[in-house]
Amino acid sequence: MELLIAVVVIVAIILLSCINVVPQARAYVIERLGGYQVTWGVGIHFKIPFIDRVARKVDLKEQVADFPPQPVITKDNVTMRIDTVIFYQITDPKLYTYGVENPIMAIENLTATTLRNVIGELELDETLTSREIINAKMRSSLDTATDPWGIKVNRVELKNIIPPAAIQDAMEKQMKAEREKREAILRSQGEKESAILVAEGKKQSAILDAEAEKQAAILRAEAKKEATIREAEGQAQAILAVQQANADGIRMLNEAAASDNVIKLKSLDAFAKAADGKATKIIIPSEIQGLAGLAKSVTEITKES
């Protein structure tokens with residue numbers, strides 16, 4: 001009885017060991033009697049005990065391989081060290097299992113040789129400024145070379161480019177000289193623009209001063225013209241008023257029908273005003289002389305009364 005139980009337990013263990021569940025993004029390569037049989041995908045699978053075996057469990061996710069720096073020589077004979085990062089994915093588990101003994105080591109060596117070939121076609125300056133070109137060339141070359149291994153290279157990146165110390169010193173001096181040159185250019189451009197702005201400011205100031213002086217001269221001329229016109233109008237109005245007064249006086253005399261004696265008295269009064277006490281000799285017409293005698297007689301009669 002105990003033997004039977006033991007046999008049942010052993011058979012159960014063997015049967016359970018023949019049940020395999022393949023998880024997501026994984027693949028199992030199955031061999032039967034030492035030869036390739038099938039590749040299991042995601043799900044539950046059964047194998048024949050002692051005949052089938054899992055030869056390799058393959059990860060189908062994209063993977064990253066970071067390789068150490070490799071010495072390379074540029075076209076102008078400059079030795080530098082470059083390390084690379086490879087992003088790859090297994091597309092065929094069978095080829096990956098049977099295509100090459102150590103796929104990662106094979107990719108590393110292939111990357112080193114491809115990198116030497118690509119860098120050998122470029123000079124130092126091109127190497128430092130052409131990362132994208134180098135990445136594209138290496139990816140294309142590695143992807144083609146790894147197809148028989150069931151591997152697809154999705155991306156290649158140059159992580160670090162390390163030139164010799166002497167080259168680094170020379171590059172730093174060159175960069176410093178370039179920065180000083182750009183600084184001098186910017187300073188001279190600033191001074192030039194400043195001088196231009198100052199000159200433009202002076203020009204605009206002179207233009208504004210000239211415009212202001214012009215406007216002031218125009219305003220002064222307009223004011224003088226207006227004053228002259230006002231003065232002429234005033235004189236014209238004064239002459240017109242005098243003439244009007246004279247005309248009114250003559251008209252009033254005509255309307256009053258003044259006698260000769262009144263006219264003569266007015267004439268005498270006008271001569272008195274003309275003399276104004278300053279004349280030493282006044283010639284009086286004979287008509288006014290008779291009137292003067294009459295005035296004297298009237299004055300004497302008034303005194304006697």
Side-chain angles (χ1 to χ4, degrees), residues 1-72 81-120 131 134-160:
M1 187 63 181
E2 294 179 357
L3 180 60
L4 179 62
I5 295 174
V7 171
V8 170
V9 170
I10 292 173
V11 171
I13 293 173
I14 293 173
L15 292 176
L16 289 175
S17 65
C18 294
I19 300 174
N20 293 90
V21 178
V22 181
Q24 185 69 36
R26 301 277 290 184
Y28 290 180
V29 176
I30 306 301
E31 292 181 352
R32 178 169 295 174
L33 299 176
Y36 172 76
Q37 177 62 28
V38 69
T39 299
W40 286 350
V42 179
I44 186 169
H45 300 274
F46 300 92
K47 64 179 181 178
I48 301 175
F50 309 109
I51 297 177
D52 296 341
R53 75 179 187 92
V54 178
R56 191 163 198 167
K57 297 179 180 181
V58 180
D59 190 351
L60 301 179
K61 294 182 291 185
E62 186 174 17
Q63 302 178 55
V64 181
D66 188 356
F67 300 135
Q70 300 291 329
V72 294
R81 298 176 64 83
I82 301 177
D83 55 350
T84 53
V85 179
I86 306 297
F87 296 84
Y88 68 95
Q89 188 173 11
I90 299 171
T91 57
D92 191 330
K94 178 183 177 182
L95 294 178
Y96 180 74
T97 302
Y98 301 105
V100 65
E101 177 63 27
N102 192 333
I104 302 302
M105 182 180 295
I107 293 176
E108 181 178 0
N109 292 328
L110 183 60
T111 300
T113 56
T114 304
L115 182 63
R116 290 190 182 98
N117 293 334
V118 173
I119 298 300
R131 283 177 177 258
I134 298 172
N135 294 339
K137 287 183 177 181
M138 289 190 61
R139 192 205 68 79
S140 177
S141 179
L142 290 175
D143 190 31
T144 302
T146 55
D147 278 343
W149 305 340
I151 299 173
K152 178 175 179 55
V153 177
N154 296 325
R155 190 173 179 181
V156 178
E157 293 289 341
L158 300 185
K159 188 176 180 180
N160 291 307

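The structure displayed is predicted, hence computed values, not measured ones.
- A 4.5 Å side-chain heavy-atom check between Ile90 and Gln63 finds at least one atom pair inside the cut-off.
- Pro148 has its side chain out of reach of Val100: every pair of non-hydrogen atoms, C-beta onward, lies at least 4.5 Å apart.
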Please list, one pair per line, the donor and acceptor atoms closer than 3.5 Å that link side chains of residues 26-33 to other protein atoms, with sequence neighbours excluded.
{"from": "Glu31", "atom 1": "OE1", "to": "Arg53", "atom 2": "NE", "distance (Å)": "3.3"}
{"from": "Glu31", "atom 1": "OE1", "to": "Arg53", "atom 2": "NH2", "distance (Å)": "2.9"}
{"from": "Glu31", "atom 1": "OE2", "to": "Tyr98", "atom 2": "OH", "distance (Å)": "2.7"}
{"from": "Arg32", "atom 1": "NE", "to": "Asp52", "atom 2": "OD1", "distance (Å)": "2.6"}
{"from": "Arg32", "atom 1": "NH2", "to": "Asp52", "atom 2": "OD2", "distance (Å)": "2.9"}

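- In terms of the salt bridge (charged side-chain N to carboxylate O under 4.0 Å, His left out) criterion, Asp59 has no residue partners (sequence neighbours excluded).
- Atom CG in Leu110 sits 13.5 Å away from atom CE in Met105 (nearest 0.5 Å).
- Side-chain atoms of Met138 and Leu158, non-hydrogen and from C-beta on, do get closer than 4.5 Å to each other.
- Under the 4.5 Å side-chain criterion, counting only non-hydrogen atoms from C-beta, Leu60 is not in contact with Tyr96.
- Taking the side chain as every heavy atom from C-beta outward, Leu95 and Trp149 never approach each other to under 4.5 Å.
- Residues satisfying the salt bridge (charged side-chain N to carboxylate O under 4.0 Å, His left out) criterion with Lys152, sequence neighbours excluded, are Asp143.
- Residues in residues 100-111 take part in no side-chain hydrogen bond (donor to acceptor under 3.5 Å, both in side chains) pair, two or more places apart or across chains.
- Between Trp40 and Asn20, the closest side-chain pair of non-hydrogen atoms falls below 4.5 Å.
- The side-chain contact (heavy atoms from CB on, under 4.5 Å) test applied to Ile13 returns Val9, not counting sequence neighbours.
- Distance CD1/Ile107 to OH/Tyr88: 5.5 Å, rounded to 0.5 Å.
- The backbone N or O of Ala136 sits nowhere less than 3.5 Å from a side-chain atom of Ser140 that would complete a donor-acceptor pair.
- For Ser141, the side-chain contact (heavy atoms from CB on, under 4.5 Å) partners two or more places apart in sequence, or in a different chain, are Thr114.
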side-chain contact (heavy atoms from CB on, under 4.5 Å) between Ile82 and Gln70: does it pass, once the steps are laid out? CA-CA 5 Å; Ile82 301 177; Gln70 300 291 329; 5.9 Å; no
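- Val22 and Gly41 get closest at one heavy-atom pair: CB-O, 2.9 Å.
- Side chains of Ile119 and Ile134 form a contact here, defined as non-hydrogen atoms less than 4.5 Å apart.
- Between Arg116 and Pro71, some side-chain heavy-atom pair lies under the 4.5 Å cut-off.
- For the side-chain hydrogen bond (donor to acceptor under 3.5 Å, both in side chains) with Lys159, the lone residue among Thr84, Asp66, Asp83 that qualifies is Asp66.
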